[in-house]
Protein chains: 2
Amino acid sequence: MVTRTAGPDVDTTRVAVSTVIFSLRRDPADDRPAVVMPLVRRTRDPYEGLWALPGGWLDLSESLDTAASRTLGETTGLAPSFLEQLYAFGAVDRSPSRVVSIVYWALVRPDEAERAAAEENVAWFDTADLPCLAFDHREIVDYALWRLRSKVGYSRIAHGLLADEFTLAELREVYEAIYSRRLDPANFRRQVENSGTLIPTERFRTGSHRPARLYRYNREVELADRGPLTHSESSRS
Amino acid sequence: MVTRTAGPDVDTTRVAVSTVIFSLRRDPADDRPAVVMPLVRRTRDPYEGLWALPGGWLDLSESLDTAASRTLGETTGLAPSFLEQLYAFGAVDRSPSRVVSIVYWALVRPDEAERAAAEENVAWFDTADLPCLAFDHREIVDYALWRLRSKVGYSRIAHGLLADEFTLAELREVYEAIYSRRLDPANFRRQVENSGTLIPTERFRTGSHRPARLYRYNREVELADRGPLTHSESSRS
DNA sequence: GCAAAAGTGTTCTCTCTACACCCATGG
DNA sequence: CCATGGGTGTAGAGAGAACACTTTTGC
């Protein structure tokens, strides 16, 4: 048995809930957005001082989804625009005591990320340049990034990283940041226009050069196809 | 607090592992395969007498994957050709006591299903004609079916429902059973031939009409893209 | 020979891609 | 006027759907 200073019964499996949170931040150098995520510095024994995913223990009286929202808010103060279960991690040696972690992943808009950026013990990192992480959290983050890249290809979750109104160039930059690859502006425009998920507004983003039309997402279209789980188990209290 | 006759501490969350198992069985009437699954009749209090997914409690010293394999074997005697985590279900009211279920889904080949078909308290059901299920298992099955239909489109998991060698017609019937839709034999042949996942043999399936060439899967090609989870967390211990 | 499944060829449409080109604005 | 990003046009490659057609077997 492992020596620990505090915590409940060591002979039971405990259930934790953690969340991988993604947002975007513009690099001051090249002005292009990068995928960033908040991490929490551990203040207790296992892996003290290392960075870890925000999370906490599952309460007896809350569902997994509720626990994810709650611990996410408690540790980072963030309100996500998208939240979905990622995977359950339960290797025996992933923690000194036996812990099964139900991991979620979330998107937050840049304005929301900025609003809550001043939390204690929380710092934002570029996903391309992460520090050493506690537990198996590095592996978890890699899986979440893979899921983000897959899902952005067949759903409209990119929406969760943008404000209500945005230009096509801004939307394209989201995809470019996630794919780490430049996209043809002309072809991108047509693809997204033909998808039926965008509604053009009469407003324009002025600045340099020709003003760009602002678009917003069509709320009739589902954010992401989750199959039969759309709003049954997932949103149950 | 809920009245129960046996089991550990009621004030803790327990972790269960269940598996949705799919196989194929030919309908004697039209000779076309249908997607079937084994269910276990409950012999204890919550939902006694109803059918439920095979499963059991997570042991302290085994990983989630190991627990899924173990409980699947203990309850049904089956050895799956494919096993993957599906989702973690944790609504507060899904069971009289607090249970978080890590649900897996699996494929077994028809010959394996027939070999183990004589288990006690286990029966096979057509997924299109399921009985009333215990707990939230009906919801779980629906999600697993959705995942099966999605995944068969972008991976070669159909392999897990066939013997080592098979004709293109047999492979096509697998897809037709999962999609509940007829496919054009000519176009299906080309798609699967151009995918590079099949290796033609020199053997033929003789019977009625013109003999059909037997194929086998190219083991070089991954069964399903699982991203960074390919063989790290999943196969640990 | 005939029915039926195995297997091949052809055409049409649709999407993706590359890239040329015009438009509108700030400087 | 010119540089730059916004926005349109267009031609070619490739995938998929529909379907005509040939081949090979059992009966």
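Letters go in sequence order (proteins before strands), and every chain restarts at 1.
Rounding to whole angstrom units, CZ of residue A/Arg205 and P of C/dG26 are separated by 15 Å. The distance between atom CG of A/Asp31 and atom C1' of D/dT4, rounded to the nearest whole Å, is 14 Å. Here the C1' atom of nucleotide C/dC23 and the CZ atom of A/Arg189 are 12 Å apart, to the nearest Å. Here the P atom of nucleotide C/dA5 and the CG atom of B/Leu183 are 16 Å apart, to the nearest Å. B/Leu214 places its CG atom 13 Å from the C1' atom of C/dA6, with the value rounded to the nearest Å. Here the P atom of nucleotide C/dG7 and the CG atom of B/Leu198 are 12 Å apart, to the nearest Å. Put simply, CZ on A/Phe204 is 19 Å from P on D/dG5, counting in whole angstrom units. Atoms CG (A/Asn194) and P (D/dG9) sit 13 Å apart, rounded to a whole Å.
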Inset, instruction - Just do the side-chain contact (heavy atoms from CB on, under 4.5 Å) check on A/Leu39 and A/Leu53 with the steps written out, would you? - result: CA-CA 5 Å; A/Leu39 293 171; A/Leu53 295 173; 4.1 Å; yes
Legend entry - Intermediate values then yes/no, side-chain contact (heavy atoms from CB on, under 4.5 Å), A/Tyr217 and A/Leu198: CA-CA 5 Å; A/Tyr217 268 97; A/Leu198 285 196; 3.9 Å; yes
Legend entry - Intermediate values then yes/no, side-chain contact (heavy atoms from CB on, under 4.5 Å), B/His159 and B/Val174: CA-CA 9 Å; B/His159 178 205; B/Val174 175; over 6 Å; no
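Under the 4.0 Å criterion applied to side-chain N and carboxylate O atoms, B/Arg190 and B/Glu193 are not assigned as salt-bridge partners. Look at A/Arg26 and A/Glu173 and you find a salt bridge, because one of the NZ, NE, NH1 or NH2 atoms lies within 4.0 Å of a carboxylate O, short of that distance. The pair A/Asp111-A/Arg115 does not meet the salt-bridge criterion, since no charged nitrogen lies less than 4.0 angstrom from a carboxylate oxygen.
Atom CZ of B/Arg216 sits in a sparse spot, with 12 or fewer heavy atoms from other residues, nucleotides or ligands closer than 6.0 Å.
Between the side chains of B/Arg94 and B/Ser101, at least one donor N or O lies within less than 3.5 Å of an accepting N or O.
A distance of 13.5 Å separates CZ in B/Arg172 from CZ in B/Phe166, rounded to the nearest 0.5 Å.
With distances taken from any side-chain atom of A/Gln191 to the nucleotides C/dA6, D/dT8, C/dT17, the minimum falls on C/dT17.
A heavy atom lying under 4.0 Å from DNA chain D marks the following residues of residues 167-181 of chain A, by number: A/Ala169, A/Arg172.
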Inset, instruction - Sugar-phosphate means primed atoms, P, OP1 and OP2; the rest is base. With that split, encode nucleotides 18-27 of chain D 5' to 3' as B, S or - using protein heavy atoms under 4.0 Å. - result: BB---BBBS-
